[in-house]
Protein chains: 2
Amino acid sequence: MQIRMSDVARRARVSVTTVSHAINSTRPVAQETRDRILRAARELNYYRNASARLLVRGQGDSFGLIISDIENPFFPELIKAFQSAARESGFDVLLCTTNYDSDEARKAIQRMMENRVLGVALMTSQFDAALIEELVNNGTPAVRLDSGLAKRSVSDIRLDYSRGAGQAIAHLQALGHRRIAFVTGPNSRVSAVTYTNAILQALAEAGLPEPQIIEGNNRVEGGAEATRKLLAGNPRPTAILCGNDLAAVGALQVIQEAGLRVPEDVSVIGCDDIAFARHTTPALTTVRIPRDELGRHAFLSLFKMHNSKARRSAKLTVETELVVRRSTGRALGSEVLS
Amino acid sequence: MQIRMSDVARRARVSVTTVSHAINSTRPVAQETRDRILRAARELNYYRNASARLLVRGQGDSFGLIISDIENPFFPELIKAFQSAARESGFDVLLCTTNYDSDEARKAIQRMMENRVLGVALMTSQFDAALIEELVNNGTPAVRLDSGLAKRSVSDIRLDYSRGAGQAIAHLQALGHRRIAFVTGPNSRVSAVTYTNAILQALAEAGLPEPQIIEGNNRVEGGAEATRKLLAGNPRPTAILCGNDLAAVGALQVIQEAGLRVPEDVSVIGCDDIAFARHTTPALTTVRIPRDELGRHAFLSLFKMHNSKARRSAKLTVETELVVRRSTGRALGSEVLS
DNA sequence: CTCCAAATACCAAACGATTGCGGCAAGCGA
DNA sequence: TCGCTTGCCGCAATCGTTTGGTATTTGGAG
């Protein structure tokens, strides 16, 4: 059925042992012999059998990455960073998505384990803590990227929202905003509530009043709907913070459709800094989450754990940062002379 | 090191054979015994060894998908469609990206083959035809999604641009446009030249003059740059067609930054209909490529080939279609009374 | 009580590569 | 010529499952 090493060996008139060594460069093979072998392999269209190889070596060479939704523009950049970090070190990556479904999440973990990945990174909140525990008890390195609450048992890459949040609020305050509204992500998502808390705290520290809060769904439509409610209020907010950029896009749209101007009438701030944030009109001011760093660190951390056989690695923190574009401006009715 | 079936067997006091059958439901096992086995497996944290399984069965259960760039918003939707079609039929998918690099492409194919995928779908132009040939000669089913030129040897899902192109041109013509410019994708990309040809033909059939053509790169910056050139021309075009939506976004931006209005001064039409196309301002009129259909058909086609052991399957065609939004309007200086 | 079928469980041979160990031959110095 | 090193290469055990071919038990019919 398939072409085996022994076929190559026969054609090159050597033993399978030699073929193996020639192909993997695991032992010196006479130049002439090696050539003969490689030629035979090419002629026969031979590809190593990964399972046989993995079976006997007991160790594969790929790391797993589990994310929730590939269509969410947040993830691709993360995936790419993880992937290229892995490739740089000579590893493959096995990608699974959960689509926010805990059953699929379970399958994803199972697939990872059955394929004996060297470690797995997870960025998805809908997650049985128990499963992760098992994973770790198994000795498989794991990192979570989504966690605000630092679970003890798994190494995390902590995403620190406080800096970005602080900068966002300071920015708004400097522009004279006081009536600030906040469209959060779904409260079921850890990262969403972490961000919410960071914003609330920054607001408090700045001595600004509590914001009006509406729970959104981190999608364009959710942001749009929430914004409609906000605009109907009286007095309406002069600035709207959104749980992510997608929601902010919805906000932008609704505000402008209502005949109001951004940022003259209402300022908008997103979160994530997805690629499109710079192409909205006006370009979106947003709290940047450095996904490339996140992805790289995730891999590096896993890699270290794998090498050192440690169950946990040093906790890393990556910082958010406000990037100011054109969707924020001086608050209406705060025409201070300057 | 790892936990084997024999460990589970010992703990449940049965043979490995029975464990295997209990876990895979491949042969009846007494309810009581099965329970004992599954419990033991759970207690021991047992995961099947995929390699051993695959090795002996000779057949895996995943299909491969190779794309060029995960950050291009065109792809995620395609991936998802492919994935969910696969999952519905009980298969996994192995995803690889090439990043437009033919060396990585080679590695991707190799990974697919080494892992004995049941078939592979490719959407990436930078491709050694030779590699694909091999693949097919190996007996591994393959489909290309990017192909305008129908290679003989591989089954294709043909993407028919002519309908969408025709509709786009008709739409523009109806609005009174005659000075039409076209920002193409890179000429190295098959799909790009296919689209270009479709547009050119539609233009000719409509009796419209040849358009001014600028080669872009299918990215925002490319579209922006090309548009700057176009705007500097005299007379400037009243409508700009773009090779994809990303470029169209760049066009939109440049036009509006130049103080012109879309669509009053210049109309813009994109291609792809990425998720963000409906959220640009104004919302983008574009030639939709049905990525979900593309992904689904790709899998289905592979699946069929795999089942029937056929090397080729019926050629499918998926149609593009114009979706009209707000970035197109009546041509300047064509105020016909109606 | 005997016999048979059905149900259940086990034995052992694969699957295709890797790798420790050992063999052979050529080259070299004494 | 002998003995040793060095450079190549092959033998055969091994990895953890699956699965065709039996063996054993059980229950009921004759």
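We name chains A, B, ... by the order of the sequence lines, and we start the count at 1 in each one. A quick note: this is a predicted structure, and the numbers were derived from the prediction, not measured.
Rounded to whole angstrom, the span from the CD1 atom of Ile3(B) across to the P atom of dG16(D) amounts to 12 Å. Between the NE2 atom of His21(B) and the C1' atom of dG21(D) there is a distance of 11 Å, given to the nearest Å. Atom pair Arg34(A):CZ and dG7(D):C1' shows a separation of 14 Å (rounding to whole Å applied). When the P atom of dC15(D) is taken as reference, atom CZ of Arg116(A) falls 14 Å away, rounded to whole Å. Atom CE of Met5(A) and atom P of dT19(C) are 10 Å apart (whole Å). One atom, CG of Asp7(A), and another, C1' of dG16(C), lie 11 Å apart when rounded to the nearest Å. Distance CG (Leu54(A)) to P (dC15(C)): 20 Å, rounded to an integer number of Å. Rounding to whole angstrom units, CG of residue Leu55(A) and C1' of dT18(C) are separated by 10 Å.
Contact check on Lys80(A) versus Asp69(B) returns a salt bridge, with a Lys/Arg side-chain nitrogen under 4.0 Å from an Asp/Glu carboxylate oxygen. Between Arg87(A) and Glu104(B) there is a salt bridge, since at least one side-chain N of the basic residue sits less than 4.0 Å from a carboxylate O of the acidic one.
Distances were taken from every side-chain heavy atom of Ala30(A) (C-beta onward) to each of dC9(D), dG16(C), dG16(D); the shortest belongs to dC9(D). Relative to the side chain of Val56(B), the nucleotides dA17(C), dA9(C), dT18(D) differ in distance, and dT18(D) lies closest.
Here Arg53(A) reaches the OP1 or OP2 of dT18(C): one of its side-chain N or O atoms lies under 4.0 Å away. Dashed line: the shortest gap from a side-chain N or O of Asn49(A) to OP1 or OP2 of dC15(C) is not under 4.0 Å. Between Ser20(A) and the phosphate of dT18(C), there is a side-chain N or O to OP1/OP2 separation shorter than 4.0 Å. Phosphate contact (OP1/OP2 of dG10(D), side-chain N/O of Thr18(A), threshold under 4.0 Å): present. Under 4.0 angstrom from either OP1 or OP2 of dA17(C) there lies no side-chain N or O belonging to Tyr47(A).
Positionally, the nearest nucleotide of DNA chain C for Ser15(B) lies more toward the 5' end than for the other of Ser15(B) and Ala52(B). Between Val14(B) and Arg57(B), the residue anchored closer to the 5' end of DNA chain C is Val14(B), taking for each the nucleotide with the nearest heavy atom.
Counting atom types as modelled, Arg27(B) pairs a side-chain N or O with a base atom of dG21(D) as donor and acceptor under 3.5 Å. A donor-acceptor contact under 3.5 Å links the side chain of Thr17(B) to the base of dT19(D).
The residue Val19(A) sits apart from the nucleic acid: no heavy atom pair falls under 4.0 Å. Residue Thr33(B) is in sugar-phosphate contact alone, with no base atom involved, counting any heavy-atom pair closer than 4.0 Å across all strands shown.
You'll find the side chain of Met123(A) reaches within 4.5 Å of the side chain of Leu78(A), heavy atoms only. Inter-residue side-chain proximity for Arg296(B) and Phe82(B) is flagged as unmet; no heavy-atom pair is nearer than 4.5 Å.
We find the CD1-OG1 distance between Ile79(A) and Thr97(B) to be 9.5 Å, quoted to the nearest 0.5 Å.
Exactly one of Leu118(A), Val120(A), Val143(A), Leu65(A) qualifies for a side-chain contact (heavy atoms from CB on, under 4.5 Å) with Leu302(A). That residue is Val143(A).
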